[in-house]
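Working notes, structure below.
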2 protein chains.
Amino acid sequence: MVRLDDVDLKILLALIRDPRIQVSELADEAGVARNTAQSRLRRLQRSEVLREGGRDIDLGVLGYDVLAFVTLEVNHRELDAVITALRQIPNVLEIHETSGRGDVWVRLIATDTHQLQSVLRQILRIKGVTRSETTFALHSHLAYRTAPLLEHYAEHDH
Amino acid sequence: MVRLDDVDLKILLALIRDPRIQVSELADEAGVARNTAQSRLRRLQRSEVLREGGRDIDLGVLGYDVLAFVTLEVNHRELDAVITALRQIPNVLEIHETSGRGDVWVRLIATDTHQLQSVLRQILRIKGVTRSETTFALHSHLAYRTAPLLEHYAEHDH
DNA sequence: TAGAATTTGAGCAATATGGTCAAATTTAGG
DNA sequence: CCTAAATTTGACCATATTGCTCAAATTCTA
């Protein structure tokens with residue numbers, strides 16, 4: 001597992017915001033010398049925290065091992081408030097309104113099942129949430145990718 | 001909706017592979033002059049095809065408007081073969097093995113419901129897939145993000 | 001407290017960037 | 001088919017950035 005200190009974190013956040021940011025700016029953001037920023041960046045790239053070059057981050061490598069998909073049943077009148085509350089939770093990575101049984105689909109991540117429990121309780125306390133159903137992602141067989149679709153796009157959809 | 005030609009596509013694919021790639025390499029990859037690569041890159045950045053935040057590309061902007069989550073029930077003996085088959089499909093963006101009712105969770109994207117139908121048929125024809133359940137994502141209330149979690153990480157999980 | 005590891009600042013050469021420009025080429029319309 | 005507009009190209013330039021080294025300072029670890 002990879003551990004990040006404050007400097008790594010600031011560099012990562014800057015890279016997420018703008019993957020093409022300059023090393024010198026990275027250094028400014030993190031408040032370190034350019035040399036340091038450069039070696040930290042190199043290390044982050046090697047460590048596989050940065051997936052495929054730079055945009056996405058491998059949270060598993062950081063110790064977030066529990067991924068879950070949560071389906072919420074929501075009182076429609078309070079949907080907006082529920083969404084707003086969900087967005088406040090850092091462990092909530094993605095939210096979609098869906099068709100079908102539940103109303104809202106949520107991607108949740110946590111360090112362990114204990115932390116997940118705690119986040120789930122937090123969600124169930126939100127006014128307007130009437131029911132929840134949690135599915136654990138036990139193993140990722142294909143991490144989010146768009147390249148094949150784009151390659152396809154040229155020949156077909158377009 | 002944004003339309004991409006072959007040059008845009010090659011530039012995008014190169015950027016996905018390595019977001020920090022140099023403009024001159026981008027030009028080589030796309031087989032155009034550096035000036036052209038530079039102006040295309042600028043345009044792509046402005047057009048919001050390139051997203052800031054976690055995930056690379058905004059597929060909605062390209063006309064992929066239908067997002068669906070599909071839960072598959074799979075004959076365990078043939079799981080590996082099913083995964084392999086699913087990976088071949090460009091419209092499959094993500095695959096997870098899950099606990100709970102279904103066995104495999106799939107993120108599907110398509111230009112329209114007709115194309116989605118076609119992909120779903122393709123999936124149901126895979127040997128080992130016994131049942132499927134599709135949920136439509138009608139509206140995204142929070143696009144994939146990791147920044148808040150990382151900011152949180154500093155103070156807590158770490 | 002000693003030794004190891006990291007950070008810093010400086011300096012340097014090679015390269016990349018962002019910009020301009022005129023000419024060539026391609027695209028779109030009539 | 002021809003013209004006008006848009007895009008692309010290659011050349012050029014000044015400036016900024018990169019990747020690298022090195023010795024000194026600082027921080028971390030045992």
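Sequence lines set the chain letters: A, B, ... in the order given, protein chains first and strands last, and positions in each chain run from 1. All of these numbers come straight from a predicted model, not from anything done at the bench.
Going from atom CG of Asp6(B) over to atom C1' of dT27(C) covers 17 Å, rounded to whole Å. One can place CG of Leu41(B) at 16 Å from P of dT7(D), the figure rounded to the nearest angstrom. Here the C1' atom of nucleotide dT8(D) and the CG atom of Asp8(B) are 13 Å apart, to the nearest Å. If you measure from atom CZ of Arg40(A) to atom P of dT6(C), you get 9 Å, rounded to the nearest angstrom.
At a threshold of 4.5 Å between non-hydrogen side-chain atoms, the residues Arg107(A) and Leu67(A) count as touching. Residues Gln122(A) and Gln88(A) are not in side-chain contact: their nearest non-hydrogen atoms beyond the backbone lie 4.5 Å or more apart. You'll find the side chain of Val23(A) reaches within 4.5 Å of the side chain of Leu41(A), heavy atoms only.
Note: His96(A) and Trp105(A) have tilted aromatic rings, judged against thresholds of 30 and 60 degrees for the angle between ring planes.
Ion pairing of Arg20(B) with Glu25(B) is absent here, as no side-chain N (NZ or NE/NH1/NH2) approaches a carboxylate O to less than 4.0 Å. Salt bridge status for Arg145(A) with Glu94(B): absent, with no side-chain N to carboxylate O gap under 4.0 Å. Look at Asp103(A) and Arg131(A) and you find no salt bridge, because none of the NZ, NE, NH1 or NH2 atoms lies under 4.0 Å from a carboxylate O.
Within the 3.5 Å criterion, the main-chain N or O of Phe136(A) finds a donor-acceptor partner in the side chain of Ser99(B). The closest donor-acceptor contact from the side chain of Tyr64(A) to the backbone of Asp58(A) lies at 3.5 Å or more, if one exists at all.
To the nearest 0.5 Å, the span separating CG on Asp65(A) from CG on Leu59(A) amounts to 10.0 Å.
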Between protein and nucleic acid, restricted to nucleotides 27-30 of chain D and to nitrogen or oxygen atoms under 3.5 Å apart, what atom pairs and distances do you find?
none

Could I get a table of every N or O pair under 3.5 Å where one atom is in the protein and the other is in nucleotides 16-20 of chain D?
residue	atom	partner	partner atom	Å
dT17(D)	OP1	Gln22(A)	NE2	3.4
dT17(D)	O3'	Gln22(A)	OE1	3.1
dT18(D)	OP1	Val23(A)	N	3.2
dT18(D)	OP2	Val23(A)	N	3.4
dG19(D)	OP2	Gln38(A)	NE2	2.9
dG19(D)	O6	Arg34(A)	NH2	3.1

Report task. Would you check, one step at a time, whether the test salt bridge (charged side-chain N to carboxylate O under 4.0 Å, His left out) holds for Lys10(A) with Asp5(A)? Result -> CA-CA 9 Å; Lys10(A) 281 177 176 160; Asp5(A) 68 6; over 6 Å; no

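Taken over five-pair windows at either terminus, the axes of the helix from dT1(C)-dA30(D) to dG30(C)-dC1(D) are inclined to one another by 70° (rounded to 10 degrees).
For Val32(A), taking side-chain heavy atoms from C-beta onward, the closest of the listed nucleotides dT8(C), dT7(C), dT9(D) is dT8(C).
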